[in-house]
Amino acid sequence: MPKSRIRKKADFTPPPAAKQSTTINLSNRSWVAPVMLALFLVGLAWIVVFYVTEGSLPIDAFGNWNIVVGFGFIAAGFGVSTQWK
């Protein structure tokens with residue numbers, strides 16, 4: 001059985017990079033994490049209060065729509081989380 005030839009490849013050397021001064025403009029988004037967590041906690045607290053008080057709180061007139069309001073706060077938290085970098 002003949003031996004297969006072994007191909008020698010040259011090692012990859014990246015091209016020399018020109019030294020350029022690039023500025024990265026990072027906006028200050030320190031508000032995102034606290035707002036996101038606050039919305040998550042408000043939504044969770046809204047739903048827990050609704051279940052613990054058997055529907056009489058937080059807003060009695062909303063009835064079972066209080067669950068939708070709580071999940072709305074949580075969804076808003078996820079919406080704010082898209083701004084996190």
Side-chain angles (χ1 to χ4, degrees):
M1 172 78 71
K3 272 190 165 179
S4 63
R5 286 188 273 167
I6 299 173
R7 287 186 256 164
K8 281 221 165 200
K9 284 185 163 183
D11 292 335
F12 175 74
T13 56
K19 298 225 176 190
Q20 294 178 352
S21 175
T22 57
T23 59
I24 299 173
N25 187 11
L26 296 176
S27 60
N28 187 3
R29 296 192 183 217
S30 60
W31 60 271
V32 174
V35 170
M36 174 184 65
L37 291 175
L39 287 170
F40 285 157
L41 291 175
V42 167
L44 180 66
W46 193 288
I47 294 170
V48 167
V49 167
F50 173 72
Y51 277 116
V52 169
T53 62
E54 297 177 354
S56 62
L57 286 177
I59 299 177
D60 191 27
F62 284 0
N64 286 335
W65 284 97
N66 279 307
I67 298 170
V68 175
V69 172
F71 278 114
F73 278 114
I74 294 171
F78 279 114
V80 169
S81 73
T82 64
Q83 300 299 314
W84 197 3
K85 288 191 177 190

I'd like to know if [Y] and [X] are part of one continuous hydrophobic network [Ile/Leu/Val/Met/Phe/Trp/Tyr, side-chain heavy atoms within less than 4.5 Å].
X     : Y     : value
Phe62 : Val49 : no
Val42 : Ile59 : yes
Phe50 : Phe71 : yes
Ile47 : Val52 : no
Phe73 : Trp65 : yes

**Asked** Between the side chain of Trp46 and the main-chain N/O of Asn66, is any donor-acceptor distance below 3.5 Å?
**Response** yes
Open item on the list: Are the side chains of Ile67 and Tyr51 in contact, using a 4.5 Å heavy-atom criterion?
Closed with: yes
Open item on the list: Would you say that Trp31 contacts Val80 through its side chain, given a criterion of any heavy-atom pair below 4.5 Å between the two side chains?
Closed with: yes
The reported gap from CG in Leu39 to CG in Leu44 (rounded to nearest 0.5 angstrom) is 12.5 Å
Interatomic distance, CE@Met36 vs CD1@Ile74, rounded to 0.5 Å, equals 13.0 Å
Residues Ser30 and Pro34: closest non-hydrogen pair is O-CD, 3.3 Å
Across all chains, not counting sequence neighbours, the side-chain hydrogen bond (donor to acceptor under 3.5 Å, both in side chains) partners of Thr13 are none
